[in-house]
Amino acid sequence: MQSTSEEHPNDAVWLGRNVVDSLPQGALAEKLAIAHRESRQLRVKLGIDPTAPDIHLGHAVVLGKLREFQDAGHRVVLIIGDYTARVGDPSGRSALRPMLSAEEIETNAATFQEQALKVLNADPGRLEVRRNSEWLDMPMTELLKLLRTTTAAQLLERDDFSKRWAAKQPISMLELVYPLLQGYDSVAIEADVEIGGTDQKFNLLLGRDIQRAYGLPEQAVLTMPILAGVDGRQKMSKSLGNQIGITDEPEEMYGRTMSIPDQVMGDYYKLVLGREPDQLLGPRDAKRELAREIVSWLHGPEAAAAAQAHFDRVVVQGDAPERIKETLFDVQNGTVHMPGVIADAFGVSRSEARRLIDQGAVALDDTALSAGEHDVASERLDGAVLRVGKRRFRRMRQASS
RNA sequence: GGUGGGGUGUCCGAGUGGUUAAAGGAGUGCGGCUGUAAACCGCAUGGCUCUGCCUACGCAGGUUCGAAUCCUGCCCCCACCA
């Protein structure tokens, strides 16, 4: 994603790097030629559904490709699917998504847009942000015209639909119509190119059919690889909890990157950093470098170095971090009830805190509390470092009364 | 319109009157091991004022000493036939 070179090649070979599909064949080159001939920018579309507010590295792969188009002088049209979010896209999953309230969608959309600018160039000449409620809130006659463009058989060709159909699993009408709405977005903004994950391939291609039906030139379609989550198995997704968020804290980001399985490390290098790992490095060092560069990209080099130092110290060495948050505690009868303190400090339930103590996971200044040791003398606690598990620390201070 | 299936803990999913806070799995946490927050192994995993109490199996009632399990009504979901 990080373009180190000064020039930004404006050709199909460069812009087609790392894509899984560039369809139809030669379409991208043709679009670029047209743009050059007519001295205009290409309109490069990305539709995002503001169902989950935070952007993660998986999104960053697609956004990074858009950034390359911007750097080559083109215009990205970011469509916030505020209207389609009310429909729920089933892509790649077998269950229906919940419908969101208008307020949730608004909040998510704002967050998403803000975070997308960590990767995209915000220059108004290079970025246009639209809401699809601008055009999708259409009269019935318009909707029927749109529906006429496609047959049920066509839609059921889509992989996840056909699987569900075969398995006699539910497919809602809303889901079925979703690709048409997405395709209409391409009509509304006159997209030259649309980019998405490989799971979007069907929808992106259907967009071409719909554009044609409306008498417009058909968009070129680029699909990007799906980045695996930190579990290394499923796609990165917030709902699966295996994501590395673009706005995660440096230490969190570094640690989560270190937790990816070695097998997917190469993909992370290629898709996120846009290069291959250094062949001379062993897997441990290659992963350290990967983690450091990702943090560096999103938080800067100093934060990256600090995150690395923190990781080495806390996770590898098992020591307490250099800076520890303080927590105040109250005293009753000279003792402190630890489950309450732990629950308040780390957001776990008191029952869970009790279990942690009984499992020997809680220590004060490196001395583990024993099972049943739930109440501690206040003088022992004041100023001590409370450690829960391997990497949760708090410095305890008695609240002044 | 008809027939059949189903709504259980964070998720998936067993359980059809009595050690059922509810099998099993996933996830998560802790511990061990490790270059790693990976893999693997072990343990734990509703809440609380904790040797007890409270809450929980779509919702509301009912039967019973006792119900997730039986009955009544309601709500919701799915498939099939047409």
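A quick note: this is a predicted structure, and the numbers were derived from the prediction, not measured.
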| query | If you measure from the Lys or Arg side-chain nitrogens to the Asp or Glu carboxylate oxygens, is any gap between A:E218 and A:R212 under 4.0 Å? | reply | yes
| message | Ignoring hydrogens and geometry beyond distance, is a side-chain donor-acceptor pair present between A:T111 and A:E114 at under 3.5 Å? | response | no
| field | Euclidean distance, atom CZ of residue A:R355 to atom P of B:G31 [Å, nearest integer] | value | 15 Å
| Does a nitrogen or oxygen in the side chain of A:S349 sit under 4.0 Å from OP1 or OP2 of B:G46? | no
| Taking OH from A:Y254 and C1' from B:G35, how many angstroms apart are they, rounded to a whole number? | 11 Å
| field | Taking every non-hydrogen atom, the tightest pair across A:I357 and A:S370 | value | CG2-O, 3.8 Å
| query | How far, in whole Å, is B:G15 from B:C81 if one measures between their P atoms? | reply | 27 Å
| query | Which value, in whole Å, describes the distance between the P atoms of nucleotides B:A60 and B:U8? | reply | 16 Å
| field | Distance in angstrom units between A:L356 CG and B:A44 P, rounded | value | 14 Å
| field | Pair A:R40 + A:D192, salt bridge at N-O below 4.0 Å | value | yes
| Base paired to B:A68 (Watson-Crick or G-U; both N/O distances under 3.5 angstrom) | none
| query | When the distance from CG of A:L369 to C1' of B:G31 is rounded to whole Å, what number comes out? | reply | 16 Å
| request: Please state the P separation for the pair B:G2 and B:C57 - nearest whole angstrom. | output: 31 Å
| Given the P atoms of B:G27 and B:G18, what is the spacing between them in whole Å? | 33 Å
| request: For nucleotides B:G62 and B:G66, find the distance between their C1' atoms and express it as a whole number of Å. | output: 15 Å
| query | Between A:F161 and A:F202, does the ring centre distance come in under 6.0 Å? | reply | no
| remark: From the list A:Q211, A:E194, A:R43, side-chain hydrogen bond (donor to acceptor under 3.5 Å, both in side chains) partner of A:S186 resolves to A:E194
| Just to confirm, is there a sub-4.0 Å distance from OP1 or OP2 of B:U49 to any side-chain nitrogen or oxygen of A:R350? | yes
| What is the distance, rounded to the nearest whole Å, between atom CG of A:N242 and atom C1' of B:A37? | 14 Å
| said: Applying the Watson-Crick and G-U wobble criteria at under 3.5 Å, what pairs with B:A21? Answer none if nothing qualifies. | reply: none
| request: Taking A:D21 for its side chain and A:T223 for its backbone only, find out whether a donor-acceptor pair lies under 3.5 Å. | output: no
| note | Scanning all shown strands, the Watson-Crick or wobble mate of B:U28 with both distances under 3.5 Å is B:A44
| Basic-acidic side-chain contact under 4.0 Å: A:K45, A:E190 | no
| said: In this structure, how many angstroms lie between the C1' atom of B:G27 and the CD atom of A:Q243, rounded? | reply: 14 Å
| field | Test side-chain contact (heavy atoms from CB on, under 4.5 Å) applied to A:V119 and A:W297, step by step | value | CA-CA 10 Å; A:V119 181; A:W297 172 38; 4.0 Å; yes
| field | Paired nucleotide for B:C80 [Watson-Crick or G-U wobble; both distances under 3.5 Å] | value | B:G2
| query | Is A:G389 touching bases, backbone alone, or none of the nucleic acid, heavy atoms closer than 4.0 Å? | reply | sugar-phosphate
| Base B:G29 paired with A:Q359 side chain (donor-acceptor, <3.5 Å) | yes
| field | Side-chain heavy-atom pair A:L386, A:I342 within 4.5 angstrom cut-off | value | yes
| query | Do any of residues 334-343 of chain A sit with a heavy atom less than 4.0 Å from RNA chain B, and if so which? | reply | none
| query | Do side-chain atoms of A:K65 reach the backbone of A:L15 as a donor and acceptor pair under 3.5 angstrom? | reply | yes
| Positions of residues 258-269 of chain A (non-hydrogen atom under 4.0 Å from RNA chain B), listed by number | A:M258, A:S259, A:P261, A:D262
| Taking a pair as Watson-Crick or G-U wobble with both distances under 3.5 Å, which nucleotide is matched to B:U51? | none
| With a 4.0 Å cut-off, would you call A:D312 and A:R288 a salt bridge? | yes
| query | Roughly how far apart, to the nearest Å, are B:C33 and B:G42 at atom C1'? | reply | 11 Å
| query | Between B:G29, B:U36, B:G47, which one does the side chain of A:R392 approach most closely? | reply | B:G29
| field | Ion pair A:R131/A:E134, N-O distance below 4.0 Å | value | no
| request: For RNA chain B, determine which residues of residues 300-314 of chain A have any heavy atom closer than 4.0 angstrom to one of its atoms, and list them numerically. | output: A:F311
| Protein-nucleotide distance (A:Q234, atom CD; B:C12, atom P), rounded to Å | 14 Å
| field | Any-strand Watson-Crick or G-U partner of B:C57, both distances under 3.5 Å | value | none
| said: In whole Å, measure the gap between the P atoms of B:C59 and B:C75 for me. | reply: 15 Å
| query | Nearest nucleotide by nearest heavy atom, which residue falls closer to the 5' end of RNA chain B, A:D231 or A:V348? | reply | A:D231
| query | Distance between the C1' atoms of B:U36 and B:G32, in whole angstroms? | reply | 15 Å
| What's the verdict on side chain to side chain donor-acceptor pair (under 3.5 Å) for A:Q182 and A:N203, showing C-alpha distance, side-chain angles and the deciding distance? | CA-CA 7 Å; A:Q182 183 173 336; A:N203 291 1; 3.1 Å; yes
| said: Rounding to an integer number of Å, can you tell me how far A:K287 NZ sits from B:U34 C1'? | reply: 11 Å
